[in-house]
Structure formats: C-alpha cells, structure tokens
Number of protein chains: 2
Amino acid sequence: MSELPASENDQPKKARRRSVIRENHEARILQVAEDLFARNGFNGTAVDSIAEAAGMSKQNMLYYFPSKEILYRRVLQQILDLWVEKMVLLLDQDGGEPAEILENYIRRKVDMSRTHPNGSKVFANEIINGAPYLREYLQENLIDSLEKDVALVRSWIEAGKMDPVDPYHLFFVIWASTQTYADFSTQICLVMKKDELEETDYQGASDFIANVILKGVGLR
Amino acid sequence: MSELPASENDQPKKARRRSVIRENHEARILQVAEDLFARNGFNGTAVDSIAEAAGMSKQNMLYYFPSKEILYRRVLQQILDLWVEKMVLLLDQDGGEPAEILENYIRRKVDMSRTHPNGSKVFANEIINGAPYLREYLQENLIDSLEKDVALVRSWIEAGKMDPVDPYHLFFVIWASTQTYADFSTQICLVMKKDELEETDYQGASDFIANVILKGVGLR
DNA sequence: GTCTATAAGGGGATAGAC
DNA sequence: GTCTATCCCCTTATAGAC
C-alpha cells in the first residue's frame, strides 16, 4: 500500500507535494550558495553557512545535495547554462551590421554583470584558481563558439568593414571590460565612494565600452 | 654575557648571521606563499603546503610568520608596494603628450601582468571576495592617486586633446583589460590552446589595447 | 524530510626540548 | 632556529531515530 507506481499523469498528491518541496528547497539552496561562493570562494564557504542562509539544518541541506562539491558543480552549471544561452555568441542576429552586433553584445554582457554579479564572481574565482572544475566544460563549449565568433570578425575585416585587429584580443578585452563591473565591483564602489553601483553606472559603462571599442576598431 | 647591546655598526657575527638567515627564509616563504595564495586563495591554501614549498616544517615557518593571516597580509603588502610604486599613476612623466603617457601606462600594466601574474591574482581574489584585508589600504592609497589621474585626464579633455569620455570608466577598462592577461590567463590559454602565454601574446595584447583605447578616445 | 548524535579528518597554532 | 609532540577547533559527512 505504501508502494506508489510512478505513473506520470496520475501522480498521487503525496508524491507531487514532495517533489514540489524538493524543487523549492533546491532552488533556494542554489541561490544562496551562489551568493556565498561568490563572496567567499569554494573553500571559504562552510556548508553550514549555506544551510543557515537557506533556512534549514546542514544535515537537511545535505539530503538535497549529498556533498559540497556536487552543490558547487550545480551552481557552476547553472551559471554557465545562462551564459552560454545568452552571452557567448554574436551569431544570433545574422542580418545586422557589425557595429550593431558588437554593440549589442557589449551591452548584453554589461547587463549580465548587473543582473548576475554573483554568477560572474563564482566564474571568476574558478578561472583565477586554474578552472579545476570547469576546464573540461570550457574546452567542450566555449572554444567552438568562440571560434565561430572569431571567424565572423575575420570576415568583417576581410570585407574591409573594420580595422585589421586580432579577434582574440578583441574578445578578451570585451570580456574583461564588461565583467569587471561584476567581479571588481568592490573596488569600483570604493573609488566611486558608493555602497553599490547604480543603473546610471552600468549605463555609463555600457556607453563607454561600446563607444571606445567600436571607434577603436574602426566601426564608428 | 648573553646580553648583546643593540649597537648598529658593531654587530656581532652571530646576530648578523641569524638575521641573514631570517631574511632569506622570509623571502622564500613570501615568494612561495604568493604563488599558492594566487592558485588556491587564502582559505584554499594550507600553512603546511606553504612550508613544504619553502622547504621547511610548518612549525619553523610559523616561527617567521606567527600566523597565516600575518603572512597573507605581508604578501598583499608586497604586491601593493610594487603596484603603487610602478603602476598606479600616470603622473611620472609630466612633459609627455597624452597619447604617449596613456600608451606607456597601458604597456607597463600589461608588462606587470606578464612579470607578476601571481601578485595580480592574489589581488583579484581579494577584490572579488570583498577586499576584507585591503579595503582600508585602498581607501587610503588608491583613491587619492586615482583622483589625480582623473583630474589629469579631465584637463586633457578640457584642452580638447581627446574625446569627452568618463575618466573613471577609462581607468576601470584599462585595469580590467590589462590585468585579465594575468588573472584570466587560464581561460586565455584554454581558448588559444597553449600551456602558457608567450612574449608575442603579451606584445599583441599591449598593441591591441593601446591601439583600440587611444583611437577609441580620440587620441590617435 | 527532518532531527540528534557522532564519526573522521584537516588545519592553525602552541609548548617545550634541543 | 629547528624539531617533536600535541591541543583543539572547525568542517564535512554519515548513521539512525522519528
């Protein structure tokens, strides 16, 4: 009688409710974990502190994510899925002009720093520390899409639409410039003497980066 | 008889030899500590592993640096002294033209990433994690020198020598672009499919950043 | 799913002999 | 200055009751 057949469309209330609880708890854990990993790094974050922030006991948290490493990998995965989906490539607007495509890319990346600063910081921590957990993922996912973007930029150069710059350095500089408003926000806030960055700061950053880079590579 | 007066120019051999040992050991510890803190962060670096890399026992290491935090602060201090001395300001060449001053600044910063990548990574880790240890130092040292640099850029703009860009964003972008070749070298190596960056990569980075930014702000 | 209890180990730091 | 021995806390993770 306690055996519940795993029927899809006739799921008993009990089972359905359990899975809703699981989803809610997992989502909450992932959210606070991202925040804490961003602020304290992997080693600096105690499982206990994550559980506390999520409003449950450590043991209960470990019921959902059996180990800290598994949880960390899930946090990374969540970030990367978002980045790959929205950020990595230029190619989602084939028809546009180079200047328009590049400017949109830059503005989207700054916007990502504004809306997902913690994800960016977790990612930055990972990379600085040698990318122990996501080296493979980057090799399998980042490289190919970047190659396509590089080829696109090369085609613009060959068509005489922009200056003959090195496309790799172009992307490295765009990534660095846009992500710095998330990763180094502490330093930026410090010198700007404010507690946190405001809308206008991100706006100013987008404008500056887009203007300087587009003009700098001969697209404006 | 065992009491040695602290005379300056008549120091007994024994004391002098001891102090040489101390200096050598401290230097070696600081060096390997910078490397390990860069790769693993503060929390990810065991005192034991620093001692081992320095070729001595943990207890012996703690004789020179009584605590891990004291050692870490010294590592940070060492990096910052170097940066402040050589990097932070534009002002050491009053006579030059804006384009020349800015280009030199950019090239020096890329060079810093090449010659002191570990220092840059330790610094980056600190900032990303909210600058717990060097917030004060930055407030006392970075802000003032930046303000001077910002004022200088403003004077260039007022003199009509360059486009009216926001000087703060200019510096944030220069910092990010130049430091990324140290901090994110793992990612850069990954997509360039090489084990480490070479001379020509830094050269290419300097050229790209200097060209794009100078042209981008109307200085070329 | 959640709790109490606890195992098991790592890591920072100190005491004291030599 | 260096070594042996040790303390003790923090942290991850598991066992088992409810």
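Letters go in sequence order (proteins before strands), and every chain restarts at 1. In what follows, every heavy atom counts, from backbone to side chain, and hydrogens, waters and symmetry copies are set aside. In this text the structure is predicted, and so the values were computed from the model without any measurement.
- B/Glu23 places its CD atom 16 Å from the C1' atom of D/dG1, with the value rounded to the nearest Å.
- Atom P of nucleotide C/dC3 and atom CE of A/Met56 are separated by 9 Å, given to the nearest angstrom.
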Please output the side-chain donor-acceptor pairs of residues 132-141 of chain B that fall under 3.5 Å, not counting sequence neighbours, one pair per line with the distance.
unit_1, atom_1, unit_2, atom_2, d
B/Arg135, NH1, B/Gly130, O, 3.0
B/Asn141, ND2, B/Tyr137, O, 2.8

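- Residue A/Gln59 has its side chain nearest to D/dT14 when only D/dT14, C/dG12, D/dT12 are considered.
- Listed nucleotides: D/dT12, C/dT2, D/dG1. Nearest to the side chain of B/Ile21: D/dG1.
- Distance, A/Ile50 CD1 to D/dA13 P: 10 Å, rounded to whole Å.
- Distance, B/Phe65 CZ to D/dT2 P: 13 Å, rounded to whole Å.
- Applying the ring pair (Phe, Tyr, Trp, His ring centres under 6.0 Å) test to A/His25 and every residue at least two apart in sequence or in another chain returns A/Tyr64.
- B/Ser57 has a side-chain polar atom (N or O) that falls below the 4.0 Å cut-off from OP1 or OP2 of D/dC3.
- Exactly one residue among A/Asp183, A/Asn125, A/Thr178, A/Thr115 makes a side-chain hydrogen bond (donor to acceptor under 3.5 Å, both in side chains) with A/Ser120. That residue is A/Asp183.
- In terms of phosphate contacts, B/Tyr64 brings a side-chain nitrogen or oxygen within less than 4.0 Å of OP1 or OP2 of D/dT2.
- A/His116 has its ring centre no less than 6.0 Å from the ring centre of A/Phe123.
- Nucleic acid contact class of A/Ser49 (heavy atoms, under 4.0 Å, all strands): none.
- In this structure, A/Ser185 contributes its side chain and A/Ala182 its backbone to a donor-acceptor pair below 3.5 Å.
- In this model, the phosphate group of D/dT2 is not approached by any side-chain N or O of B/Tyr63 to a distance below 4.0 Å at OP1 or OP2.
- Atom P of nucleotide C/dT2 and atom CD of A/Glu26 are separated by 12 Å, given to the nearest angstrom.
- Going from atom CE of B/Met61 over to atom C1' of C/dG11 covers 12 Å, rounded to whole Å.
- The nearest heavy atom of DNA chain D to B/His25 and to B/Lys58 marks one nucleotide each, and the one closer to the 5' end goes with B/His25.
- As rounded to whole Å, 19 Å separates atom P of D/dT11 from atom CD of A/Glu69.
- Here the side chain of A/Val47 is nearest to one of D/dT12, C/dG1, C/dG12, namely D/dT12.
- Here D/dT4 presents its P atom at 11 Å from CG of B/Asn60, a figure rounded to the nearest Å.
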